[in-house]
Amino acid sequence: MRVLVVNAGSSTLKLSVVGDDGAIAAAHTIEAWDGGAAPIQAFVDATDAGRIDAVGHRVVHGGTRFTEPTPIDDRVVGEIDALTPLAPLHQPRALAGIRAARSAVPSLEQFACFDTAFHATLTPAASTYALPAAWRDRWPLRRFGFHGLSHAYASRRTGELAGRPLTELSIISCHLGAGASLCAIDAGRSVDTTMGFTPLDGLVMATRSGSVDPGLITWLIAQEGLSAAEVNNGLEQHSGLFGLCGTADMREVIARRARGDADATLAFDVYTHSLRRSIGAMSAALARVDALVFTGGVGEHAAAVRAACGLALDDAANAATTSDGEIGAGGGTPRAFVVTAREDAEIAAQVRSRSSRSR
């Protein structure tokens, strides 16, 4: 079964056709996508795209309603749209991708696959904020978690690389990209994660602050007169690595650090301190840690970041590995792996699990 995977980003549209074995039969990225259906139609019509049996869409937020891959109809589109206030930057683009694909290939089954769904297994102890009951009753104030499609694939692939069933493993998955989050995974189920109600929480990221004292935010608004919009913009767009040293690119941070740049050194140290601290927190959520896996652009390519996590690594393997492979020192616990991020493969697998074409 071949699945067209539609991943609509903030400005780009990534399309791929994924086969049963996870191999990509065709792929194309449209830069500066305007939301129209024509690029999808052109890709589907292209000779290298070949036969397509179903369509899978990455949707960032499923709220509490969507906890599994869901067949798309007009009602589902409306319910996804209703979640836009919880993900105002991401949800409209996913909806544009859904509408464009439904227009381009209306005869195909289409499914929404949600980044939040993997974390639906969080217990109330892990997902509940200690906020006034009246607030929690009125609004969906809880830890949702994100990057679930990436964490799900990375953990399953780690089991394959380790030669052990996923059901026997406790894993910490480190998705480190422009956005970054960790997930504690026990027997394939998310039990804790660093992102919360929004993707701002948790680790220091490229331009996002990660966790900060809530009192700092209220102080900026009440005492210094910043508007909520100004604070949000600062936390989302001008914090993280960018706020610390003027670049959001970890490659540049590492290069400048090697030249003795003080701001880049501080940025690297703050980033890796946040990462180590959060790995410790995820470890506490598990009875044991069998493996730790790095994925995402930084996770796959920044050996210096991996080396700073305090793990027992094989230095040569860590320096050389940028795709699926083990980087831990022989006999070390936990074992350490690098896995290429494959949200497309995870989406395709979820679509196959639900599509009538696969039965």
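Quick note: numbers below take in every heavy atom, side chains included, and nothing from hydrogens, waters or symmetry partners.
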Closest contact, heavy atoms only, [X] versus [Y]:
X      : Y      : answer
Arg2   : Val17  : NH2-CG1, 3.9 Å
Ser211 : Asp201 : OG-OD1, 2.6 Å
Leu83  : Gly63  : CD1-N, 3.7 Å
Trp33  : Thr12  : CB-C, 4.2 Å
Cys309 : Arg276 : CA-CG, 3.8 Å
Ala101 : Val55  : CB-CG1, 4.5 Å

If two hydrophobic side chains count as joined below 4.5 Å and joins carry through other members, does [X] share a cluster with [Y]?
X      : Y      : answer
Trp135 : Ile221 : no
Ile217 : Trp219 : yes
Val77  : Leu13  : no
Ile72  : Val18  : no
Ile40  : Ile30  : yes

Looking at [Y], is its backbone amide N or carbonyl O close enough to the side chain of [X] to form a donor-acceptor pair, meaning the two atoms are under 3.5 Å apart?
X      : Y      : value
Asp314 : Gly328 : no
Thr247 : Asp249 : yes
Glu300 : Gly296 : yes
Arg164 : Leu169 : no
Thr194 : Leu203 : no
Asp344 : Val5   : no
Ser16  : Ala27  : no
His119 : Phe146 : yes
Ser274 : Val270 : no
Gln110 : Ala54  : no

Is any side-chain heavy atom of [X] closer than 4.5 Å to a side-chain heavy atom of [Y]?
X      : Y      : result
Leu166 : Ser155 : yes
Leu311 : Ile327 : no
Phe111 : Arg354 : yes
His90  : Thr84  : no
Phe114 : Thr70  : yes
Cys113 : His57  : no
Ile347 : Leu149 : yes
Val3   : Ile52  : no

Test side chain to side chain contact (heavy atoms under 4.5 Å, CB included) applied to Val339 and Phe294, step by step: CA-CA 6 Å; Val339 165; Phe294 295 93; over 6 Å; no
Below 4.0 angstrom, N of the basic side chain to O of the carboxylate: do [X] and [Y] qualify?
X      : Y      : value
Arg75  : Glu79  : yes
Arg335 : Asp290 : no
Asp73  : Arg102 : no

Trace of the side chain to side chain contact (heavy atoms under 4.5 Å, CB included) decision for Leu275 with Val305: CA-CA 9 Å; Leu275 179 55; Val305 170; 3.8 Å; yes
Value rounded to 0.5 Å, distance of [atom1] in [X] from [atom2] in [Y]:
X      : Y      : atom1 : atom2 : answer
Met1   : Arg51  : CE    : CZ    : 9.0 Å
Leu176 : Leu182 : CG    : CG    : 7.0 Å
Arg208 : Gln237 : CZ    : CD    : 8.5 Å
Met205 : Glu236 : CE    : CD    : 8.5 Å
Asp20  : Asp53  : CG    : CG    : 8.5 Å
Asp186 : Leu286 : CG    : CG    : 6.0 Å

Stepwise side chain to side chain contact (heavy atoms under 4.5 Å, CB included) test for Val59 and Ile98: CA-CA 9 Å; Val59 181; Ile98 289 170; 4.2 Å; yes
Going by atom types only, do [X] and [Y] share a side-chain donor-acceptor pair under 3.5 Å?
X      : Y      : answer
His238 : Asn233 : yes
Glu109 : Ser355 : yes
Ser181 : His147 : yes
His151 : Thr295 : no
Glu343 : Ser150 : no

From Leu292, Ile171, Thr158, residue fulfilling side-chain contact (heavy atoms from CB on, under 4.5 Å) relative to Phe337: Thr158
Over 12 non-hydrogen atoms of neighbours within 6.0 angstrom of CZ in Arg251: no
Neighbour count above 12 (heavy atom, 6.0 Å) for Arg143 CZ: yes
Side chain to side chain contact (heavy atoms under 4.5 Å, CB included) evaluation trace for Met282 with Val191: CA-CA 9 Å; Met282 293 300 102; Val191 299; over 6 Å; no
Arg259/Asp261 under salt bridge (charged side-chain N to carboxylate O under 4.0 Å, His left out): CA gap, chis, key distance, verdict: CA-CA 6 Å; Arg259 297 194 298 267; Asp261 183 290; over 6 Å; no
Ring-ring centroid check Phe144 His61, cutoff 6.0 Å: yes
